[in-house]
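Reading through the structure tokens given below for one structure.
Sequence lines set the chain letters: A, B, ... in the order given, protein chains first and strands last, and positions in each chain run from 1.
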Amino acid sequence: TTDDIGLILTVVCHMLSGTSPPGKPVLLSCRSPEKETFTCWWEPGSDGGLPTTYRLYYERERLEGVHECPDYWSAGSNSCFFNKTHTLIWVDYYLTVVASNALGNATSDIFKMDVMEIMKPNVPENVTLLVVETEDSPYLHIRWEHPRNTDTESGWVTIKYELRIKQEKNNKWKEYMSGTQSHFSLYSIAPGGVYTVQVRCKLDHGSWSEWTNSTNVKVPNYVQNERSFWILVATLSAIPFMAAMCILIVKRENVKQCVLPPVPGPKIRGVDFHLLMSGQSEDSTNALIINQNFPLIVGWKDQMEEYLIVTENDIGPPSDASHCQKRKKSLIIPAGFCSDWEIQCKSTHIQNDCAGGTKNETGNFPKNNKSLSGESLSYMEPSKLQKQQCLGQNFVNTEATDPSPLNYDNAVKPFTNSGYVDIRKHVENTQEVNVKQVDYSRVEDVNGDNVFILNNKNLAFNSSGYMDFQRQEEKLSEDYSRVKEVGSNNVVVLQIQDMSADTKNPHATGAHKMGVCTELINSEYIDTIPAPPLM
Amino acid sequence: MLLIWCAVLILACLELSTRVGTAPICSYGQAGCHTPSLADIFDRVIQQSSRMHGISSDLHSEFEQYFFPSKNLIGKPKCHTHGIVTPADKENAQRLGREQLTEVILRLLGAWGDPLLQLYRSMSQDQNQDFNHYSSNKALEISDMVHELRDGVAKMAEKMKLSGVLGNTVGYISPEGLVPSSSFSFYKHGELNSMDHHDLLYCFRRDSNKIKNYLQILKCTTLPGLDC
């Protein structure tokens, strides 16, 4: 028919010119700022190249018929504004937008809404900040007003506020709820700080509004009279405190004597303590003198810890005192225990810092007159302690290098330390093997924890880090134990005379006596049993 | 020993002297009771209604999320309380006056007591495991709240009548008189299905919002103050 032909021609004509019916518009959202009016916005589709008009139609619960939007302009383009007369709460609206141009129409999907659900208020107004200065501390008082056009007096809406505050330096906001109040106080503000505040609100159970623009305030610096007073007081009271500390530190020895009295030293089995103290009896002194003929006595194996000082030169009494009073163990070192070795040792459990002690190399032991605390039987004639080196991290050697002579002159000091053998020799020559033809073993190295690597018969041991030690030639004596072999970890196998004692002790440290079966006890010392002298 | 006795005695004395007594709140005005003020009652009632609306809102959105992900355009739910004329905007609400407003509130509350109980029963017995335990507990909670709120608003009305702010036209309204039985039986036809659940939640969400709003208007017209 002609109508159809006409239509087809129109369509073809328009298609050729690139125009088309409009695209489908989309209803975006609706919003009610005060629960009395609301606005809806849509997004147009393509207009098809032709002028397109948009119309919004709605149906409503409890209202017959389809109605058109009452106001397309108040809220801007592509919007529809419903004023108070057209707005009902708690009823459903069904909205559609129809786009039409010369070529056709397009209808959006139905948008269902209830004003109760679309509430989002305007921003609060007139945010003001005020720094209130009180005697104790200033605080910040923040006020604002309810958003525009919102009725807060009838109870129709309940506005709740929220604010957030940021200090100039931080970038983090701290949020606070203010309920229905339109003011807020922030306490404990920093003088000199700059604070930024923003406020927002919501109606009933609706959505939050946008944040207001930032408002800033600077808190003036306050004269901190009170604080300076307290600073002065603190400084003044610090002076006597410092003085007291200094005195304590300077006199720490005395303090120590007071506070931490020395622990009694070990007792020697079979020796009369009093005899020793008297220092007169030849027998007792003979029994204790370390000489080359001296039969070694069994070391006391309990908490006593033997501290062996091994030095290179035999010079008089050790200058340093191993009078360390924090003893973990002290082991009696028998008299015959002089060794010319300088052994550097590491103790696994070196907890205290008593170290130091020298061993007399001349073999010439003093008649022991005094022992410290009366019970110690460590009879090393101390030589001058030159230097102590101990490998290993555990070893703390504070006392050793700091000799403070105790009240003895040639007496042996009880040594405390868990099996610490002070070795004075250079550790540097770790790679050299001592090739002296001697029948003593040198400690090549103390490896890791408590390993004596002895160079037996000048054999090179392939352990890491040899330590060269020196001894005096003439001091070679049969007081030494020969190391038969060195085990892998912390094992020193000593050869005693004609017997070999395999000793395995993972924590063997300490010196060993010559010609004595060494038994490695516990973790720190080597106990020796008497053996016939090797002369 | 003596010292201990002394300490015990002192402590006992202190305890007796500083005992804090609680003042019972009684709603019937018995002698010696501390009756809450009208403002207090208003606050409590508004708080309760706010909470009730919140819970029902949660339930509804849970339901919508799981059962009707797309915006439900299928049916226009018909609420059984549609027979109760309620003001739908501010002017009408203010124009209504306190007495009528109170009456509307009471009618709404009365109309929801039984349906909510039914909803709870149906949800907790749900064969399809549509609702979890948490949701059905919420339903029980709002069911209880409706009953409490109804008593609370009734007491509030009494108090208002006593203080003269409310006329005597508000009488006790029986539940049956509030809601026409025909629409109430809407829900009584046996078990409730999912659609019924949804409709009930949808309608109650709306009605609880109305109740809350009307109470607030009532408060602010009766006791204008800071919170309004």
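Within a 6.0 Å sphere centred on NZ of A/K218, other residues, nucleotides and ligands contribute more than 12 heavy atoms. Taking a 6.0 Å sphere around NZ of A/K202, one finds it holds more than 12 heavy atoms contributed by other residues, nucleotides or ligands. A/E145 CD: more than 12 foreign heavy atoms inside a 6.0 Å radius. Other residues, nucleotides and ligands place more than 12 heavy atoms under 6.0 Å from the CD atom of A/E175.
Note: B/Y202 and A/W90 fail the aromatic proximity criterion, with ring centroids not under 6.0 Å apart.
Applying the disulfide bond (SG atoms under 2.5 Å apart) definition to pairs two or more places apart or across chains, none involves residues 85-121 of chain B.
Panel note: side chain B/N213, backbone A/W156; a donor-acceptor pair is recorded below 3.5 Å.
Ranked by heavy-atom pairs under 4.5 Å with chain A, the first of B/P87, B/G54, B/A88 is B/A88. Per-residue heavy-atom pair counts under 4.5 Å with chain A were compared for B/H53, B/E91, B/K219, and the maximum is reached by B/H53. For the set A/D151, A/T87, A/T180, the count of heavy-atom pairs under 4.5 angstrom toward chain B peaks at A/D151.
The CG atom of B/N209 lies 9.5 Å from the CD atom of A/E117; values are rounded to the nearest 0.5 Å. Note that NZ of B/K210 and CD1 of A/I89 are 11.0 Å apart. Values are rounded to the nearest 0.5 Å.
Contact annotation: the side chain of A/K84 never approaches that of B/D89 to less than 4.5 Å [non-hydrogen atoms, C-beta and beyond]. With a 4.5 Å cut-off on side-chain heavy atoms, B/K90 and A/K35 do not count as touching.
Both the backbone and the side chain of B/S50 come within less than 4.5 Å of a heavy atom in chain A. Proximity to chain B is limited to the side chain of A/D114, based on heavy atoms less than 4.5 angstrom apart.
Classification of A/D92 and B/R206 as a salt-bridged pair holds, one side-chain N sitting under 4.0 Å from a carboxylate O.
Legend: residues meeting side-chain contact (heavy atoms from CB on, under 4.5 Å) with A/N105, ordered by chain and number and at least two apart, are A/V98, A/S100. Residues that satisfy the salt bridge (charged side-chain N to carboxylate O under 4.0 Å, His left out) test with A/E125, not counting sequence neighbours, are A/R148.
Summarising the geometry of B/C220 relative to A/G155, their closest heavy-atom pair is SG-CA, 3.7 Å, with the distance given to 0.1 Å.
Using a 4.5 Å heavy-atom cut-off against chain B, the contacting residues of residues 55-76 of chain A are A/E59, A/E61, A/R62.
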